[in-house]
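Working notes, structure below.
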Amino acid sequence: EQSARDGIAAAGGAISALQQQHQASCQPEPAQDKCVLINKAVDGHNLALDALNLYCSGSDYLNGAPCQPNEEVKPRLREALKNLERILKEAEGL
């Protein structure tokens with residue numbers, strides 16, 4: 001859970017930097033490949049965060065309670081993290 005949370009946080013920082021770096025060119029022309037990829041990264045980040053929240057869902061996790069792992073959700077979390085990592089590797093060239 002902690003490594004997933006750290007990875008998602010780091011990805012969020014990288015995505016935020018990409019958004020800021022390309023905001024001026026993506027706002028008027030959002031269909032550019034780089035803009036589509038950045039939006040895909042945002043979606044992947046949100047999916048990974050949702051998967052982590054489902055994995056840890058328990059009594060009040062979203063309000064700071066400890067993670068109560070749901071092993072049934074673990075494969076979804078792993079897949080979401082792999083997907084996010086793949087998208088960020090694609091975005092490295094931006």
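In this chain, numbering begins with 1 at the start of the sequence shown.
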Taking every non-hydrogen atom, the tightest pair across Val36 and Pro30: CG2-O, 3.8 Å
Interatomic distance, Leu47 atom CG to Leu49 atom CG [nearest 0.5 angstrom]: 9.5 Å
Shortest non-hydrogen contact between Ala24 and Pro28, atoms and distance: O-CD, 3.1 Å
Which atom of Lys34 lies closest to which atom of Ser25, heavy atoms considered: NZ-OG, 3.0 Å
Asp6, CG: over 12 other non-hydrogen atoms inside 6.0 angstrom: yes
Heavy-atom closest pair, residues Asn70 and Leu54: CB-O, 4.1 Å
Nearest-0.5 Å distance that lies between atom OG in Ser57 and atom CG in Asp50: 11.5 Å
Nearest-0.5 Å distance, NZ of residue Lys40 to CD1 of residue Ile15: 12.0 Å
Steps toward side chain to side chain contact (heavy atoms under 4.5 Å, CB included) verdict (Ile38, His22): CA-CA 9 Å; Ile38 291 169; His22 297 284; 3.8 Å; yes
Taking only distance into account, with no hydrogens and no angle test, what donor-acceptor pairs under 3.5 Å do side-chain atoms of residues 72-87 form with protein atoms, sequence neighbours excluded?
{"residue": "Asn83", "atom": "OD1", "partner": "Arg86", "partner atom": "NH2", "Å": "2.5"}
{"residue": "Arg86", "atom": "NH1", "partner": "Glu90", "partner atom": "OE2", "Å": "3.3"}

Non-hydrogen atoms of His45 and Ile8 that approach each other most closely: NE2-O, 3.0 Å
